[in-house]
Amino acid sequence: MEHKKQLNVLDTVYLPGPIEQKWYKHWQEAGYFSSDINKESEPFCIVMPPPNVTGQLHMGHALDCAIQDILIRWRRMQGRRAFWLPGTDHAGIATQAKVEEALAEEGLSKYDLGRELFLERAWEWKHHYHARITKQLTMMGCSCDWEKERFTLDEGCSEAVREFFLHLYKQGLIYRGSYIINWCSHCQTTISDIEVEHHNVASYLWHLRYPYADGSGYVVVATTRPETLLGDTAVAVHHEDKRYADKVGKTVILPVMEREIPLIADSYCDMEFGTGAVKVTPAHDPNDFEIARRHDLPLISVIGKDGKMTEKAGKYAGMEALECRRLLVEEFKHLGLWEGTTELEHAVGHCYRCGTVIEPLVSPQWFVKMKPLAERGIAAVEDGAIRFVPSRFKRTYISWMGNIRDWCISRQLWWGHRIPVWYCAACGQEIAAKEAPATCPKCNSNALTQDTDVLDTWFSSGLWPFSTLGWPKETQLLKDFYPTSVLVTGYDIIFFWVARMIVSGLAQMDMKPFHEVFIHGIIRDGEGRKMSKSLGNGIDPIEMIEQYGADSLRFMLITGVSPGNDMRFQTERIEAARNFINKLWNASRFTLMNLEDYKQGAYELHLTLADKWILTRLKIATTTVALNMEKYELGEAARAAYDFTWDEFCDWYVELAKQRLYQGNPEERYTAQTVLIKVLTNILALLHPIIPFVTEEIWQQLPHEGASLMLARFPDGSELEKYPQEAQLVELLMDIIRAARNIRAEMKVPLGKKANIVLIAEPALLTDIAGGADYLRQLAQALELQFLPSGSTPPALAAKAHVRGVEIYLPLAGLIDIEKETARLKKEITTCKNELKRLLGKLTNTSFIAKAPLQVIEKERAKQGEFEEKKRSLEKHLEMLQ
RNA sequence: GGGGCUAUAGCUCAGUUGGUUAGAGUGCUUGCUUGACAUGCAAGAGGUCACUGGUUCGAGCCCAGUUAGCCCCACCA
C-alpha cells in the first residue's frame, strides 16, 4: 500500500476538466483499454454502433457510449477480458448529401468533379469528422481499444461486403430485376422501404370519369394523383361489387391519352372507398404494380427520375408532375369528365433524409430476398438465443421481421461499396466477383464494366459484428470474440440495423452476432421534443462536458430513467449529478485531510457501533449495485450507490467518525481512518464504471494497491462483513437523533443551545442505547443524557417523542411552546390512529390470518404493538401538558 | 387498420418476481458563517399512485375496459 497525499485541500469544488484529460491520457498510454487486459479470462465484447461520419456526436451517442463504457468497465473490473471495439460508419446517402451541400456552396455539383474527385472530397470529409468523433469519444471517457478501430469503408470491411454479397448471390438470395422501388428525386437514388417515412398530408381526392368504349356511359374513378392517370393501364373494381358486376370485362377510354384499357376485377379494391373503382397505374403505385402482375397488364412510366413527366406522357412530357396534375384536372373539367373533388387526409411517403415526397418508380435494381433470411432471424430471437432487454422489444422485432419484404440494396450514389458485379458489353453476361475479372468467362471479351451503383449503407453495417473482427479472414480476434456479448443501441434503429445484423450474422457465420441486445430510449429536450437540427433544440454533449464534466453527464444520462424509455434532458438534472460528484469529492477531501498520520497496520482495529453499522450498510449497498448491474438496471445501480454515498456515508458515518478523528486516542483514530478508507474505496469501485474520472483521481490519492482503479476488483458484497445487531441499534439511535432534532427545530431551539435529553425504556434496551451515548450527545446536541427505566416519572415540562419502545423527552423549560407541542403531539397521535385502523382491519380479517404468510402476519402484529405503545405514550404526555 | 409505450408530489422521474407509514432530484417553507462540502447541513409541507371494474387475505404493481397523450408499423386509391 502506498499513500501519496496530493489532493489540494483548498479545492472545495471539484474541477473536472484537467483531471479528466489527465486520466484518459494516462489510461490510454498504460494500455488499459486493450483487449489484451485479462487475456486469459472469459471474453466480453461490445462492438460500438458506428457513429456516422456525417458530423459530430449528439446526446444520443453520448448515452449510447455511456452505457457501453459502463458495461465494459464493469466487466473489466470483474476480471473479464473486456473488449470494446470502436468504429465509424461511412453513412452513404447521408454523407454524400453533406458533401454535395458543401460543394454546392462552392457553386459545384458532383458532376463537375466526377466520381473520382468527388470521392476524394468525401474522404476528406470523413477524415475531418472522424477526428472530431474520436475526440468526443475520448472526452466521454470511452475505454475502447483504439488499436482495433474500424471503418465500414476500410479495406477489410469492403472485402467482407463483397464476400457476403457473393455468398447471397450464389444462393440466389441476391437478385437483380425491374420492380417498383422508392425513388427520391432530390437524393437521386432509390431508398429501401424502411427509409420511407409516412406522414399524413391534407390533400384531395379527384373524381374523374372514364367513358366506356362502347359508349354506355362512364365509370368514375377516385384518385389522389391525377397526373399518374397518363400511365393507367386498367380500371379495377372488386369482384363482389354489384354496381360493376356487368361492367367487368368492358373497356374504357383513358381520357386525354385516348387509350383503350380494360375494366378488371381485383380483390384489392375497397368497395367502401371512393366510388369503388380504382385507376391502375402499375408504374407508379406499389399496389397497382401488384395488380398488374396478377392481370398481366403493361407498365407505362409517365414520371421520370427527375420528377418530370416522360415522353410517354404525350403533350405533358417534360412538365413538372405537380404542374401536370393541375393542368390535367383543368383539362378534365373542359372535357366534362370532372365529377368533383373532395378533401382527403392520407399518408404520403417521404425520404427520411431530405423529406422529399417519394415517387414509386419501376427500375432495374438489386434486391435481397428476405423471407428465408428472416425466418432464421425470427427463430433466433423466439427460441431465446438472442435476448432483448427490455423484453418488449422482442415483439417489435418479430412482428416486423414477419412482414418483411425484399430489400432493395442498390443506391445510385458514389460514396459507398460498389456493387461487385460486372457486365459484358459483348454478350451481356452478368459476372459477380470479389475482384474485377479480366475477361468475360462466357465470351472472353474484355469489354467489362462494373455496375455503377453502390450498396445500401446498412448492407455493410449489417456485417459489423464480424467484419470488424477480421472476417472473412479467420483471425484470432474473430475466434475469441464472436459472437459478441451485447449490442447496445436505441430502439429507433432496431429495424435498420439490429435486424440486419442478426440476419447477416446467421446467414454468413451460421452464428448469431450477439447474445443480448440492450435497447435504450432517445434523449429529448426539456419539453419532451425530439432533439433535431431543424428545431435547433439539440444540446451538445461537449458543451455539457466542458461545463459539468463527463462524469456528471454520464451519471445524469443513466439515472432517473428505466431501460428503454425516453429521457428529457434538463439542466437541473445534470446539476444534480454534478453536485453528487462534488459531494463525493468533498467526502474524499475530508478523509484525506485526516490521513496524514495513517499507517496501515499501525494499531489493532476496534470497530465501534458506527463502524459496524456502516460496514453492514456497505455490504447491502454493494450487493444491490452488483445485482442491478447484472440485470442491466444501471439507473437503479447508480441510485443505490448514490443513496449510500450521500445519505449514509456522508450524512451519518462521516459525522459519527469525527469525534474519534478529532478527540480519539491513536487506536480509535486509526480504526476510524481504516473504516473510512475501506468504505470510500468500495464506493469508488462501485461508481468507477459510471463516473470513471473522479473515482480514479480520488482512488489514486487514497492508500491503495494496484496501478489503477480501472483494474481493481469490482465488489459484489460477498467479500464484506455484516453486523446486523449493531446495525439495528445504530438505526434506532438515528431515529432517536432525528426525533430530537425534530423537536428542537419545531420548538425553535437555537442551534448553539444544548438541551438535556431524557430517555425512558426497558433496562436492556437502555443499556444498548447507552453504548451510543456519544452519538446522541454529538448529533442530537445533548448536554446531559439521562436514562430511566420504564415506568419512571418523566420530566414535568418537556417535549416528547416516542420511537420504537423509547420515550424521548427534551425538558425545555422556558423554550417550550405548549400550544405548538400540543399540536405536534396530536398530529403524531393521528398518524398512529390511522395506522392502527389500517392494521386492525387487516389483523381482524380472518382470511388474512388464514392465508397470508406467517411472516407477514407477524410483521403486521409487531407494527400494531409499536403503534399502540407509541399512541398510549404520546397521549399520556398530552394529558400531562394540559 | 394493427402494435407498443406513458399516466405516481408544483415540475422531471424511480418504484425489478403483489405485503414499506409510496420514494428521489428539483422547486417550496423554516432555521443554519456546524473545524469535507452553501454544488452544503438540519427540520418540514406536499400524493384518492388517470378512471371503472375484476383476480387476491392483500394491488401503484397482475387482468379487462374507459379516458388522455406519445411512438412505431401499414398498399385503401
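Each chain gets a letter, A, B and so on, in the order its sequence line appears, and its residues count up from 1.
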List, with names and distances, any nitrogen or oxygen atoms from the protein found under 3.5 Å away from nitrogen or oxygen atoms belonging to nucleotides 44-49 of chain B.
| from | atom 1 | to | atom 2 | distance (Å) |
| --- | --- | --- | --- | --- |
| B/G44 | OP1 | A/N742 | ND2 | 2.8 |
| B/A45 | OP1 | A/K827 | NZ | 2.3 |

Show the distances under 3.5 angstrom between N or O atoms of the protein and N or O atoms of nucleotides 25-30 of chain B.
| from | atom 1 | to | atom 2 | distance (Å) |
| --- | --- | --- | --- | --- |
| B/U30 | O2' | A/K748 | NZ | 3.2 |

Please list, pair by pair, any protein nitrogen or oxygen found under 3.5 Å from a nitrogen or oxygen in nucleotides 33-35 of chain B.
none

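Taking only side-chain nitrogens and oxygens, A/N565 never comes nearer than 4.0 Å to OP1 or OP2 of B/C71. At least one side-chain nitrogen or oxygen of A/K583 sits closer than 4.0 Å to the OP1 or OP2 atom of B/C41. The phosphate of B/A42 has neither OP1 nor OP2 within less than 4.0 Å of any side-chain N or O from A/R744. Contact between the side-chain N/O atoms of A/S562 and the OP1/OP2 oxygens of B/A14 is found at a separation under 4.0 Å. For B/A77, the OP1/OP2 oxygens have a side-chain nitrogen or oxygen of A/H346 closer than 4.0 Å.
Separating the CG atom of A/N845 from the P atom of B/G19 is a distance of 18 Å, rounded to the nearest angstrom. Protein atom CD of A/E866 is 13 Å distant from nucleotide atom C1' of B/U20, rounded to whole Å.
Between A/F649 and A/F644, the ring planes are parallel. Angles under 30° get that label, and only those over 60° would be called perpendicular. Between A/H199 and A/H350, the ring-plane angle classifies as tilted under the 30° and 60° cut-offs.
Residues A/V856 and A/G560 each lie close to RNA chain B; by heavy-atom proximity, the contact nearer the 5' end of the strand is made by A/G560.
B/U56 is unpaired under the criterion used here, namely a Watson-Crick or G-U wobble arrangement in which both key atom distances are under 3.5 Å.
In this structure, A/L702 and A/L595 approach most closely via the heavy-atom pair CD2-CD1, 4.1 Å.
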